[in-house]
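Following: one structure in structure tokens, then a few remarks.
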2 protein chains.
Amino acid sequence: MKVDPQCSYCLLSTVHYESKLSTDNEMLIDKVMQECIRVLNETYAPGVPAASVSTPIHRRAYELLNDSDPYRDLKKVCNRTAEKVFPIARSMVYDGGPSDNELFRRAVLAAVIGNFFDFAVMGLEVPVSFFDETFRQHFTRGLDVDDTSRMLGMLDNVVYVADNCGEILLDTLVFDIIKELGGHVTLVVRGKPILNDVTMKDVIELGIDGKVDRVLTTGSGSIGVDMEQAPQELLDAFRDASLIISKGMANYETLTEHQLGPIAYLLKAKCRPVARHIGVDVGHSVAQLFEQ
Amino acid sequence: MKVDPQCSYCLLSTVHYESKLSTDNEMLIDKVMQECIRVLNETYAPGVPAASVSTPIHRRAYELLNDSDPYRDLKKVCNRTAEKVFPIARSMVYDGGPSDNELFRRAVLAAVIGNFFDFAVMGLEVPVSFFDETFRQHFTRGLDVDDTSRMLGMLDNVVYVADNCGEILLDTLVFDIIKELGGHVTLVVRGKPILNDVTMKDVIELGIDGKVDRVLTTGSGSIGVDMEQAPQELLDAFRDASLIISKGMANYETLTEHQLGPIAYLLKAKCRPVARHIGVDVGHSVAQLFEQ
């Protein structure tokens, strides 16, 4: 996906946010902002891939902050909150003993809803009962783009590219069902910390490595998947996959720049540029399959 | 007021917004955004006055859009909506025949609430009953910084620097009371269109020139008041004023860079940098007097 005008101010806003997560030193924050405006000016041009702007900006911010992971504490909050709400989501997915097709659809829906929730805010301010109610609303509403039936026959050898902490716990509902149906799951996480995204460290801390067949990394702390920095084993996994499942917007932004397939994008369309690229409205729940 | 990191992305967001108001040509919008990122990079530095970044950015956007007033239609919507809601505000100000002090305080409060309302959105989507209810809530809550009692003895020769269309109608409640108390009002509007701000054309269309003693302009289409471009008669008016009343955030951002006084700032603190500079919370209603 190409960069959109909206990405420019969304990026600077995110840099400001992560700078404040990392430090109280306002002179340092000023320096980070000024330098990231310089990088934005250097990299931003109509038609360039979104990640060719976002990755260098975040990288420069992390360097200047001298912080390998500004989201360190926030990721822990997200995971703790998601642990509290996981049983609610699980019971909705399995409620009434649904068919395989329905079970898979519900698990995918739960994972997509997980992509939408701001577990960090919830963990600090919102009671679990609010999650229960809001999750139920989104669950009842269902998927706005639903290709899960077509995905069901492709689950032999799934490569699942994870997105954020917190939501990764809801992703395990999908892993479980793929395994129950006899499929294999290769989980792909970021090679280094970037934003609130899942890394190998998070996977091990949460014990999720025991729920999948293997865990690979993107080989970098780039936004989404930077194919030029991807290890050979990840490229092989993509090539051999019966289905790639890509979670969230950053993976969508980067993987749509490559000829991969079959690939299914699971996400909540949280901003207008991504929603427009997919052809849905902001807020829509998407499970869209491209068979190539 | 100096530029804040938040100004950088707020500005790019506003440029995107006004570009879409002006044109459907996405290639032109792309060009405007890229060029305004360049101007942001050129002008943004910690410690520079906010308007030394915002004015050149908006000026460049208007040039590239080849549009002297992207907010043209929106301003009309704001004025029409404000005309509908004006009687509600007026009746609350005069309700029960208050004392001069209380009447002035209420009129100032109504003008400050007018600084908060998005008449453009209301005009399109929100019924007048909603305005009635919301206005009443803010009115009951009152001013969070209230120097109106001290201002009351300074109303002989007021210079009132206006802000946006729509809210200008509520400002007339203040003009009326100053006149009733025997004072003179010099209204100052922008020299050329900028954002949603009031110009001489708007004042004449709304008949507001008949409610004040004279109308001057800032001499430019800069954000707020650019003193270097201010006509001599405005500089004289500032010097001779018994009280300058500055409405809204853009005037606050620019006039706080100069030694003027006595000056009262009337505004809703709509963003964190301005709220912080004043020492209030975002959303607070402010009528703050500096006597110098």
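None of the values given here were measured: they were computed from a predicted structure. Chain letters run A, B, ... following the sequence lines, proteins first, then strands; residues in each count from 1.
- No more than 12 heavy atoms of other residues, nucleotides or ligands sit less than 6.0 Å from atom CD of Glu228(B).
- If you take SG on Cys10(A) and OH on Tyr9(B), they are separated by 10.5 Å, rounding to the nearest 0.5 Å.
- Atom NZ of Lys2(A) sits in a crowded spot, with more than 12 heavy atoms from other residues, nucleotides or ligands closer than 6.0 Å.
- Scanning all heavy atoms of the two residues, the minimum distance from His16(B) to Asp4(A) falls at CE1-OD1, 4.3 Å.
- Heavy-atom contacts from other residues, nucleotides or ligands closer than 6.0 Å to CD of Gln137(A) number more than 12.
- Heavy-atom contacts from other residues, nucleotides or ligands closer than 6.0 Å to CZ of Arg276(B) number 12 or fewer.
- Gln34(A) places a side-chain heavy atom less than 4.5 Å from the side chain of Pro46(B).
- Looking only at heavy-atom pairs under 4.5 Å with chain B, the residue among Leu40(A), Leu12(A), Ile37(A) that has the most is Ile37(A).
- Options Gln6(B), Glu42(B), Met27(B), Lys31(B) differ in how many heavy-atom pairs under 4.5 Å they form with chain A, and the most are formed by Gln6(B).
- For Glu26(B), the part sitting under 4.5 Å from any heavy atom of chain A is the side chain, from C-beta outward, and nothing else.
- Residue Lys201(A) places its NZ atom among 12 or fewer non-hydrogen atoms of other residues, nucleotides or ligands, all under 6.0 Å distant.
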